[in-house]
Amino acid sequence: MEKAYDPSEIEPKWQQRWEEEGLYRSDVDPARPKHYALTMLPYPSGELHIGHWYAIAPSDAQARFMRMRGRNVVFPMGFDSFGLPAENAAIKRNIHPKEWTYANIDRMRGQLRRMGTMIDWRREAVSSDPEYYRWTQWFFLQFFLNDLAYRKKAAVDWCPSCNTTLAREQVIGDDRRCERCGTPVIRKELSQWFFRTTRYVEELLDFGPIDWPERVQTLQSRWIGRSEGANVVFPTEAGDPIEVFTTRPDTIWGATFMVLAPDHPLVERLTTPERKAEVDAYVVPALRQTDVQREATDKEKTGVFTGGYAINPASGERIPVWTADYVLMGYGTGAIMAVPAHDERDGEFARKFGLEIKPVIVPESGAMIDSGPLTGTRAEEAFDRTVAYLEERGAGKKAITYRLRDWLISRQRYWGAPIPIVHCPQCGPVGVSEDDLPVLLPDDVEWRPTGESPLKLHPTWKNVECPSCGGPAERETDTMDTFMCSSWYHLRYLSPRYDDGPFDPAEYRYWMPVDLYTGGIEHATMHLIYTRFFHKACRDIGIVQGDEPMIRLRNQGIILGEDSEKMSKSRGNVVAPDELVDRYGADTVRAYLMFFARWDMGGPWNSRGIEGTSRWLRRVWGLFTEPGEGGQANQETVDRLRRKLHQTLKQVTREMGELQFNTVVAALMELQNEMSQARSQGAAGTPAWTEALEIYLKMLAPVAPHIADELWERLGHEGSIHLQDWPEVDEKAAAAEEITLVVQVNGKLRDRITVPVGIADDDARRIALESEGASRFLEGKAVRQVIVVPGRLVNIVAG
RNA sequence: GCGAAAGUGGCGGAAUUGGUAUACGCGCUAGACUUAGGAUCUAGUCCCGAGAGAUCGGGUUGGGGGUUCGAGUCCCCCCUUUCGCACCA
């Protein structure tokens, strides 16, 4: 009696053997076409959850498939290991962030090995390793030297009690209090480092060279937020002109007042002495709010009159200047011309405060009225003619504005890559010499909450000589945003221990760009814009080649809990992959994750559903280990087996390429059913049976790599199945000799007739008309038309 | 409010892109086999009606309308759910 399928026995065995044989090592090989399969690296939060499995295991299957298709595939892995959670966990558990992080990495690395992936662990990169962040710092220096990094003041949320900067998630409640001590936060201006992402806006909007989901393209486009319009200058009575951006310059004759953002520098200068008290009383609390709060649409409009007046450069009218929080300093010029007749928000504001509303556009036609010399201009010309008019008079010019702002990379945090800058009283900010990298993050810091950045409080760390003049100077004590680390990890994977640069150019030339990048949609606007920017910036500096880092992107969906709610510890609906692996084995978990839902959609977990996948793999095991029934198969059985086999191969080949994993597994289940049936009809022992067994295992190999290798060995093969070539479809075998011709009368199904595959249209038509099912419904009716769809159906139109 | 995606049996989902709706799996029903298991195997399982029966007829892809010989698929209107964005001038 053969042994039953026992994944707990075979899986560790094969994992060990793969490791010993170096089966998944991938090296540069110019003789073979490469395939760089990349999946987003995890944050070492503690342990791998089912969402990690969902992202990684099907990606691994696809990479394995590509490898069998003849590509030299690299599928690397690493950890995005800097970041705030390590500091929070450290404070909560009184353990050093480094210790916490590396313990988690060890644990998660072990879990990843149990998954049975083809990860080449020699290429592992960990972003908090000095040999990694040395190069993160190096990239910063390149940006600094090439005018892509600069410093400016920017507001942060600040807790005046803890005396520290708070990240967005550390500020809680509508009244915006510090999560630790409950003190209301204030906004504080600090000098911080920015990258010039805005230099690349236009190129970032071009998705032509890459195959990315529409959804991601839309999200990025909206995030970048390109608007065409005009900048127009309004003189003021106080002297300083106000510049505004408008997408509707053609409504300028209807601009009856202006609004400045509360933090606009001109608010103070335009405010008249008698209005000052009221303006101050409005502006100060307004600035404490977040943009999100200020931008809440359902909120009633508020604002105050500054007492100042501007001149509308088109109409020449004297119009009042207000300040209101519905105008944002961060967008456009931080000031607007208000056209209450044609802008909903301005209209609402004007009605509330009794300001003049002057229509200048005919609602139906869009033509301009009451607009001085341009009165009567048709809608199509309104924009261009108004801009030309304003340009002639030096009052404005065409302009494009973007929502996207430069990337703020400074973090007033400990657990991150130190910014490699020295502040010298004589020379200003000076880059650390490349030879002195990495600027090591010291371990001996006071990382408990003291109210200051740990690096600032370190007794000696920040004291250095200026790299330029040699005088006494201080290190920058801010660290870098972790998105900086994750913007280039795909490059470090190529040569994680390379010492002469961030990556080995030979490896780069062979492997880049990434051919398939998989990961969650949640990174659509941050990571995926930053990494594209990073690549383009590096291209212009001369570090990398090509316009885009990742050619094809695909997103997996989210697995919800069994209650259809988002998984969370507090809800108690978290699915633990380790328990599933203990019970069913990694192959079953992998296969079920590929089967239970469309991969790009995700959906609620079903703990009973996995039984079906488990059953299937046990049946597959039986197919290979139980002796076939006696008897001789007839030709029909053999033909049917081969037809199903090659049809399945064709489908699986196409769908693995398209990442349609659920139907791949369904097709393999169907073929297993067909093979069981063929065996009971005596097919075992025929050449077709042997062919079917081998092709079956090769198709199974990417999905369930352990059982496939085990059964491959039991078939008597030397060497791993994962080194085999993907089988070729035998089109002849796959082709059906007969088809089912569907007969419809007036579009309704009336009969099904088996006919030869290449049947002539006339014959199909005749057979359909004569069919029993159709003739029953044709009695007493005249046939008006017969539509023949070759190889499919005949529709008889009668009445 | 704007944008995107989705809505198919009791459930997860399939449908070669305009041509047999409900593949595959879960669950359920009945039976077989038992060394009684979280086992395995066989048959059945969209709804309604007729029939002892193999079958036969009708209906069905959130709702309504349209295009078409033919619509789950295309167009219009509406409803619901999920996810983004949210006063962007």
Side-chain angles (χ1 to χ4, degrees), chain A residues 4 213-215 218-219 221-223 225-227 229 244-248 251 255 259 261 291-292 294-299 301 324-328 330-339 343-346 348-349 401-403 521-522 524-525 557-558 560 564 566 583-584 592 595-598 600-616 618-619 622 647 650-651 654-655 660 662-673 676 740-752 773 776 784-798:
Chain A
E214 276 297 321
R215 183 144 167 246
T218 307
L219 283 168
S221 298
R222 286 170 68 92
W223 188 259
R226 182 183 200 273
S227 293
V244 301
F245 173 74
T246 174
T247 53
R248 292 294 307 278
T251 63
V259 186
D291 280 358
V292 173
R294 286 173 56 181
E295 291 172 7
T297 19
D298 49 4
K299 201 184 74 175
K301 296 263 179 301
D325 65 4
Y326 80 91
V327 175
L328 308 175
Y331 182 77
T333 62
I336 61 158
M337 63 175 210
V339 185
D343 181 280
E344 218 175 294
R345 297 152 299 172
D346 297 344
E348 196 190 318
F349 193 81
T401 285
Y402 302 89
R403 205 188 86 110
I521 187 81
E522 67 272 19
T525 51
I558 296 170
L560 302 171
S564 295
K566 204 172 164 183
R583 199 157 129 189
Y584 299 102
Y592 184 60
F595 177 66
F596 89 104
R598 256 177 66 171
D600 58 346
M601 304 274 264
W605 182 257
N606 180 344
S607 57
R608 299 183 84 166
I610 194 171
E611 297 282 354
T613 313
S614 177
R615 231 168 261 163
W616 164 57
R618 285 202 298 269
R619 287 181 187 138
Q647 283 174 347
K650 200 171 174 179
Q651 180 186 347
R654 186 183 69 242
E655 292 181 338
Q660 287 163 21
N662 57 337
T663 46
V664 164
V665 177
L668 291 175
M669 287 174 170
E670 274 189 65
L671 180 55
Q672 177 266 312
N673 287 335
S676 289
T740 304
L741 187 71
V742 170
V743 180
Q744 295 181 337
V745 176
N746 292 333
K748 280 186 197 287
L749 176 72
R750 294 306 178 195
D751 215 336
R752 292 187 175 101
R776 260 211 317 272
R784 297 186 203 281
Q785 194 188 350
V786 179
I787 286 145
V788 180
V789 183
R792 281 195 195 277
L793 59 75
V794 176
N795 188 13
I796 303 162
V797 187

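The model shown is predicted, which means the values in this text are computed figures rather than measured ones.
Distances from the side chain of A/F245 to the nucleotides B/G59, B/G84, B/A89 place B/A89 closest. Among the nucleotides B/U16, B/C88, B/G38, the one closest to the side chain of A/R345 is B/C88. Closest to the side chain of A/N662, out of B/G57, B/C83, B/G13, is B/G13. Of the candidates B/A89, B/G12, B/A21, the closest approach to any side-chain atom of A/L749 belongs to B/A21.
Within 6.0 Å of the CZ atom in A/R215, the count of heavy atoms belonging to other residues, nucleotides or ligands does not exceed 12. Within 6.0 Å of the CD1 atom in A/I558, the count of heavy atoms belonging to other residues, nucleotides or ligands does not exceed 12.
Across B/C47 and B/G9, the matching C1' atoms stand 9 Å from one another, rounded to whole Å. Across the P atoms, B/C79 and B/G13 are found 25 Å apart, a figure rounded to whole Å. Straight-line distance between the C1' atoms of B/G7 and B/U22: roughly 15 Å, to the nearest whole Å. Nucleotides B/C26 and B/U45 have their C1' atoms positioned 13 Å apart, rounded to a whole Å. B/U16 and B/G72 have their P atoms separated by 13 Å, given to the nearest Å.
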Please tabulate, one pair per line, each protein N/O and nucleotide N/O from nucleotides 24-26 of chain B that are separated by under 3.5 Å, including the distance.
from	atom 1	to	atom 2	distance (Å)
B/G25	OP1	A/N673	ND2	3.3
B/C26	OP1	A/R615	NH1	2.5

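Side-chain contact between A/V743 and A/L793: absent, with no pair of heavy atoms (C-beta onward) separated by less than 4.5 Å. Residues A/F349 and A/D343 form no side-chain contact, since every pair of their non-hydrogen atoms from C-beta on lies 4.5 Å or further apart. A/Y326 has its side chain out of reach of A/E348: every pair of non-hydrogen atoms, C-beta onward, lies at least 4.5 Å apart.
Judged purely by atom type and a 3.5 angstrom limit, A/T218 uses its side chain to pair as donor or acceptor with the backbone of A/E214.
Residue A/E348 contributes atom CD, which lies 15 Å from atom P of B/G1 at whole-angstrom precision. Between A/L793 atom CG and B/G19 atom P the separation is 9 Å, expressed in whole Å.
Interatomic distance, CZ of A/R403 versus OH of A/Y331, reported as 9.5 Å (0.5 Å rounding). Rounding to the nearest 0.5 Å places CD of A/Q647 at 10.5 Å from CG of A/L671.
Base orientation of B/G64: anti, since the glycosidic angle falls outside 90° of 0.
Residue A/G791 is out of contact with every strand shown, counting any heavy-atom pair closer than 4.0 Å. Among the atoms of the strands shown, only primed sugar atoms or phosphate atoms (P, OP1, OP2) are found under 4.0 Å from some heavy atom of A/F596. A/R583 comes within contact range of at least one nucleobase, with a heavy-atom separation under 4.0 Å. If you check every strand for non-hydrogen atoms under 4.0 Å, A/R215 touches sugar and phosphate atoms only. The residue A/R654 sits apart from the nucleic acid: no heavy atom pair falls under 4.0 Å.
Consecutive pairing runs in RNA chain B reach the stem threshold at B:1-7 with B:79-85, B:10-12 with B:24-26, B:27-32 with B:40-45, B:46-50 with B:55-59, B:62-66 with B:74-78, where a stem means at least three Watson-Crick or G-U wobble pairs with distances under 3.5 Å.
Contact check, A/R403 against B/A86: a side-chain N or O comes under 4.0 Å of OP1 or OP2.
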Output, in order, the C-alpha distance, side-chain angles, deciding distance and verdict of ring-ring contact (aromatic ring centres under 6.0 Å, His included) for A/W616 and A/Y592. CA-CA 10 Å; A/W616 164 57; A/Y592 184 60; over 10 Å; no

In 5'-to-3' order, the base (B), backbone-only (S) or no-contact (-) status of each nucleotide in nucleotides 66-75 of chain B, using a 4.0 angstrom heavy-atom cut-off, is ---BS-----

